[in-house]
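First the structure, in the form of structure tokens, and then the observations on it.
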Amino acid sequence: MDTIITRFPPSPTGYLHIGGARTALFNWLWARKNAGQFVLRIEDTDEARSTKESVDAILESMEWLGIDWDDGPYFQTQRHDIYNEHIDRLVEQGHAYYCDCTPEEVNAMREEAKAKGLKPMYNGKCRNRGLKKGENTVVRLKTPDTGVTIVDDIVKGSTAFQNAEIDDFIIQRSSGMAMYNLAVVVDDITMGINTIIRGDDHLVNTPKQILIYQALGVPLPVFGHVPMVLGADKARLSKRHGAMSVGEYKKMGFLADALINYLVRLGWSHGDQEFFERQELIEKFDLEHLGRSAGMFDMDKLYALNAKHIQKKKPVELGDDLVPHLADLGIDAQNDAFTQGVIETLQPRSKTLVEMAQGAAFYYRDEIEFEEKAAKKFLKPETQDLLNKCADAFDGLGDFSQGAQEEVFKQIMEETGLGFGKIAQPLRVAVTGTTVSPGIFEMFIALGKEKTVQRIRKAAQFCAAQG
RNA sequence: GUCCCCAUCGUCUAGCCCGGUCCAGGACACAGGCCUUUCACGCCUGCGACAGGGGUUCGAAUCCCCUUGGGGACGCCA
């Protein structure tokens, strides 16, 4: 086959939502896997609802996800001439005609059809009137009255649509602007798109588009209609189901790789494999294993996958992702050796970067605030001696390794007769302010000897002041 | 109303095309346990599904039909 050319055509009437991101992903993956091309096209022919902000937001989200395009972005509003050329040709060749019916008239026709138990349709009134272009004329495609139009779909199989069900739909508005179905087909033809993967809400549009391809005398592309993403109540995913836009997931601390992994697996499978690296996805993605049924968006699974990706990623790489979240907490951190050490201690216990940033905060504070409950339980006046003893011992350590720290613990446990936990918990509170943190040794190492000792001493003073 | 699509554990799914290896496998969630210096991670165990009904067949999750349920589309929106 020729070079695979796929596309993603968002309409800029909002942010990039996760359903759209998934279709973009499928197309991108397929192009990348086949060393093909991925085209980005902005479908902004609905001038009333399209905004520049939406375009920017969509591009930004795609960049964050790492979905890059080889061609575009094209804007449909800049392609009037191309559409009009094709429309004129269709009219000249008798495949399309001008119509001056008013919206009221058309509405009446639809009501009439409905009353007869049919699908609401335009009745073809102007088909043979030989009208010329006028003030309020639209162009309609002359569709066949009989026969069927077959949609051969790589995921849904073959579906036959009765041509009698398809009315002479508008391809050019009275304003002269092309309508969606025409613009899409002309774009796909002129951009050389040969593989179209999109949501199955477009399946019923496909026969109309095929009719345009045929009228234009152009071979059909490969169609693949993937099921939609549903919310937890099995209704089409919408705002009330929670976060919709890709940008929100970024804010919530998800890794782009994790979101991609999740989205692709929702509606595609590779045996029992759940976890995929980006490169792996490109290698393994295929069209055969796209699912046919709609799937519900499941936050829990996304969290689990995100946790996995956080665990497997290198601290250096995670650093760049984490720094902005630390900044959100007012922490001015760099992706340096210190931060990477911090990250290492938090990787197995963070589901999101937000969680990681929160868990990391104590490392960066100059002043530790003790949680009331924790202090009451573990920083009692009588704990002062223990803390000072620990601080002294640690301070005397030339080598602040885990092994050396363990030795210190051993000695103090012997001296005091206390169990490990009795020593570790007060120290934990002393250093972090809370009872929950990474493992005590790894944490001290990440923090560094100096700060660790300093914090323990401060806590000892705090204990003394409690009496 | 009309047309179209879909149907395996609560959820994502493997298996279905090319019937037997499936009294249906994995993952998330949930429950219990182990590990343990806290919280996690990890490990182990458990719970849990072929929507229903008819066929076809020696044999059906897999093929056919009907029913039911869910979703989508019918616009001078995309």
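Letters A, B, ... mirror the listed sequences (proteins, then strands); counts begin at 1.
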- Task: Could you encode protein contacts along nucleotides 1-7 of chain B as a string, one character per nucleotide from 5' to 3', using B for base contact, S for sugar-phosphate-only contact and - for no contact, with a heavy-atom cut-off of under 4.0 Å?
- Result: BBSSSSS
- Can you check whether A:His309 and A:Phe254 have ring centres sitting under 6.0 Å from each other? no
Need the pair for [N]. Rule: Watson-Crick or G-U wobble, both distances under 3.5 Å, any strand; none if unpaired.
N      : result
B:rU57 : none
B:rC3  : B:rG72
B:rG42 : B:rC34
B:rC23 : none

Tell me the interatomic distance from [X], atom [atom1], to [N], atom [atom2], rounded to whole angstroms.
X        : N      : atom1 : atom2 : answer
A:Leu263 : B:rU13 : CG    : P     : 12 Å
A:Phe169 : B:rA73 : CZ    : C1'   : 14 Å
A:Glu274 : B:rC28 : CD    : P     : 7 Å
A:Asp46  : B:rC77 : CG    : C1'   : 5 Å
A:Asp300 : B:rC12 : CG    : C1'   : 12 Å
A:Met228 : B:rC12 : CE    : C1'   : 18 Å

- Message: OP1 or OP2 of B:rA78 versus the side-chain N and O atoms of A:Arg173: is any pair under 4.0 Å?
- Response: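 Yes, A:Arg173 has a side-chain N/O under 4.0 Å of OP1/OP2 on B:rA78.
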- Message: When you measure from the side-chain N and O atoms of A:Thr434 to the phosphate of B:rU38, is any distance below 4.0 Å, counting only OP1 and OP2?
- Response: no
- Message: Let's see if you can work this out: which of B:rU37, B:rC76, B:rC28 has an atom nearest to the side-chain heavy atoms of A:Ile170?
- Response: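 The answer is B:rC76, which lies nearest to the side chain.
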What nitrogen or oxygen pairs link the protein and nucleotides 64-70 of chain B at under 3.5 Å?
none

Pick base, sugar-phosphate or nothing for [X], based on heavy-atom distances below 4.0 Å to the nucleic acid.
X        : answer
A:Pro438 : base
A:Ser269 : sugar-phosphate
A:Gln311 : sugar-phosphate

- Query: With a centroid cutoff of 5.5 Å and a plane-angle limit of 30°, would you call A:His289 stacked on B:rA14?
  - Reply: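 The base of B:rA14 is not stacked with A:His289 (the test needs centres under 5.5 Å and planes under 30°).
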- Output every pair passing salt bridge (Lys or Arg N to Asp or Glu O under 4.0 Å) with a member in residues 145-168 of chain A, not counting sequence neighbours, ordered by first then second residue. A:Lys119-A:Glu165, A:Arg127-A:Asp145, A:Arg127-A:Asp168, A:Lys156-A:Asp200
- Task: Return each pair, listed once, that meets salt bridge (Lys or Arg N to Asp or Glu O under 4.0 Å) where at least one residue sits in residues 253-274 of chain A; pairs must be two or more places apart or across chains.
- Result: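 Non-adjacent pairs meeting salt bridge (Lys or Arg N to Asp or Glu O under 4.0 Å): A:Asp257-A:Arg278, A:Arg265-A:Glu274, A:Glu274-A:Lys301.
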- Query: Should the pair A:Phe394 and A:Phe409 be assigned to parallel (<30°), tilted (30 to 60°) or perpendicular (>60°) ring geometry?
  - Reply: tilted
- Query: Mind checking whether A:Phe285 and A:Trp30 have parallel, tilted or perpendicular rings, split at 30° and 60°?
  - Reply: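 Ring orientation of A:Phe285 relative to A:Trp30: perpendicular.
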- Enumerate the residues from residues 342-352 of chain A whose closest heavy atom to RNA chain B is under 4.0 Å, giving them by residue number; use none for an empty result.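 Those residues whose heavy atoms fall under 4.0 Å from RNA chain B, taken from residues 342-352 of chain A in numerical order, are A:Pro348, A:Arg349.
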- Task: Determine the Euclidean distance between corresponding P atoms of B:rC44 and B:rA61; express it in Å to zero decimal places.
- Result: 30 Å
- Taking atom P in both B:rC16 and B:rG70, what distance in whole Å separates the two? 29 Å
- Using the test salt bridge (charged side-chain N to carboxylate O under 4.0 Å, His left out), find all partners of A:Asp298 that sit at least two apart in sequence or belong to another chain. none
- Message: Is it the case that the side chains of A:Gln411 and A:Glu407 hold a donor-acceptor pair, with the cut-off being a distance below 3.5 Å and no angle test?
- Response: no
- Query: Would you say A:Phe441 has more than 12 foreign heavy atoms packed within less than 6.0 Å of its CZ?
  - Reply: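 Yes, because the 6.0 Å sphere around CZ of A:Phe441 holds more than 12 heavy atoms from other groups.
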- Item | Within 6.0 Å of NZ in A:Lys422, more than 12 heavy atoms from elsewhere |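 No.
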